[in-house]
Number of protein chains: 2
Amino acid sequence: MRTRRENSPSCEAWRLLFDLLMEQRSRVPAIAAEFGLSPMQCHVLRLLEPGEPAPMGRLASGLGCDASNITGIVDRLEARGLISRRLAERDRRVRVLALTDSGVELRAKLLERMAEPPQWVERLPADEQQALCRILRRALD
Amino acid sequence: MRTRRENSPSCEAWRLLFDLLMEQRSRVPAIAAEFGLSPMQCHVLRLLEPGEPAPMGRLASGLGCDASNITGIVDRLEARGLISRRLAERDRRVRVLALTDSGVELRAKLLERMAEPPQWVERLPADEQQALCRILRRALD
DNA sequence: TATTGTTATACTCTATAACTATA
DNA sequence: TATAGTTATAGAGTATAACAATA
């Protein structure tokens, strides 16, 4: 029965979450702008971990976009001296990306800023924050 | 103490939620594409309720973007016959947007599709789905 | 032949600033 | 003067297709 399905707890939970997300669509763009970055540049810095260089292709799948987009995004980060391209030794078709020192530094500040919970999380009672953690941990399994 | 703050339940909840969101960044774009729409066109159709015409300016604030962007987005929706512009009677600077019949129809299908909860919600036990609803309802107060 | 990354192209979203027509 | 919307512009993300270098 359709009505029953639409009023199910799973649908309501998703609707509530969707509303919360839409209210905060500007969060990542705003934080990115604080650092003079675009949202996608932010995501690249987030995905690229210090000491763990990654091929460009992995970024494309991590970002869920076509490989041809990565070229331009990486160009701009490289131009700002935040990451570097180098050829992979074993397979010379592959370009491996690594954070520069300045990239490591900026990434740390960026992640610290993005880790700040939004007000609606902060304002929940402690026991509900813990319940939320428990539920989300299970969801991520 | 910084370490304590970063391991607080509110920070962990936000981090878990952020990870879930990032895993599903492509959800809205993918659904939009199913209907031949861009993500922003989707959001406009979602915000514009049948029988409740709205001035363009309200859309700009609802979408959190500059008013100058709305012109183009609305142009494309109008060209597809999904919405219509008309002059407001009392203040002729204002353009009021309304869904066309075809827009109402498409919006219904779109909202039904977007209301489908993602797998990670669906797979939670029923009691945790309900707990999640309770927490999110409180968060939205 | 298949794969990695680049380039070219075309479209959409984005903010800023200058403009119009109203108020 | 101030406001609602438009236009012009420049920059960034997006997919597709064609391409080079390498496997």
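Chain naming here is simple, since letters A, B, ... match the order of the sequence lines and numbering starts at 1 in each.
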Item to complete: Within residues 67-88 of chain B, find the residues that approach DNA chain C with a heavy atom at under 4.0 Å, and present them sorted by residue number.
Response: B/S68, B/N69, B/I73, B/R76
Discussion item. Using a 4.0 Å cut-off on heavy atoms, which residues in residues 25-64 of chain B reach DNA chain C? List them by number, or say none.
Written reply: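 Residues of residues 25-64 of chain B that come under 4.0 Å of DNA chain C are, in numerical order, B/S38, B/M40, B/Q41.
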Answer yes or no: are there more than 12 heavy-atom neighbours, outside [X] itself, under 6.0 Å from its atom [atom1]?
{"X": "B/R25", "atom1": "CZ", "answer": "yes"}
{"X": "A/D127", "atom1": "CG", "answer": "yes"}
{"X": "A/R138", "atom1": "CZ", "answer": "no"}

Tabulated below should be each protein N or O lying under 3.5 Å from an N or O of nucleotides 20-23 of chain C; please produce it.
residue : atom : partner : partner atom : Å
C/dA23  : OP1  : B/R92   : N            : 3.1

Determine whether [X] and [Y] fall in the same hydrophobic cluster, where Ile, Leu, Val, Met, Phe, Trp and Tyr are linked whenever their side-chain heavy atoms lie under 4.5 Å apart.
{"X": "A/M22", "Y": "B/L20", "answer": "yes"}
{"X": "A/V94", "Y": "A/I73", "answer": "no"}
{"X": "A/V44", "Y": "A/V96", "answer": "no"}

Fill in: Where at least one partner belongs to residues 9-31 of chain B, residue pairs that pass ring-ring contact (aromatic ring centres under 6.0 Å, His included), sequence neighbours excluded
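Sorted pair list: B/W14-B/F18.
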Practice prompt. Provide the full list of side chain to side chain donor-acceptor pair (under 3.5 Å) pairs with a residue in residues 28-42 of chain B, sequence neighbours left out, each pair given once.
Written response: B/E34-B/R113
Discussion item. Going by side chain to side chain donor-acceptor pair (under 3.5 Å), name the pairs with one or both residues in residues 62-76 of chain B, residues two or more places apart or in two chains.
Written reply: B/D66-B/S68, B/D75-B/R85
Item to complete: Considering non-hydrogen atoms only, spot the tightest contact between B/V104 and B/P50 and give its length.
Response: CG2-CB, 4.1 Å
Discussion item. Measure CG/A/D66 against P/C/dT7 and give the value in whole Å, please.
Written reply: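 It works out to 15 Å between those atoms.
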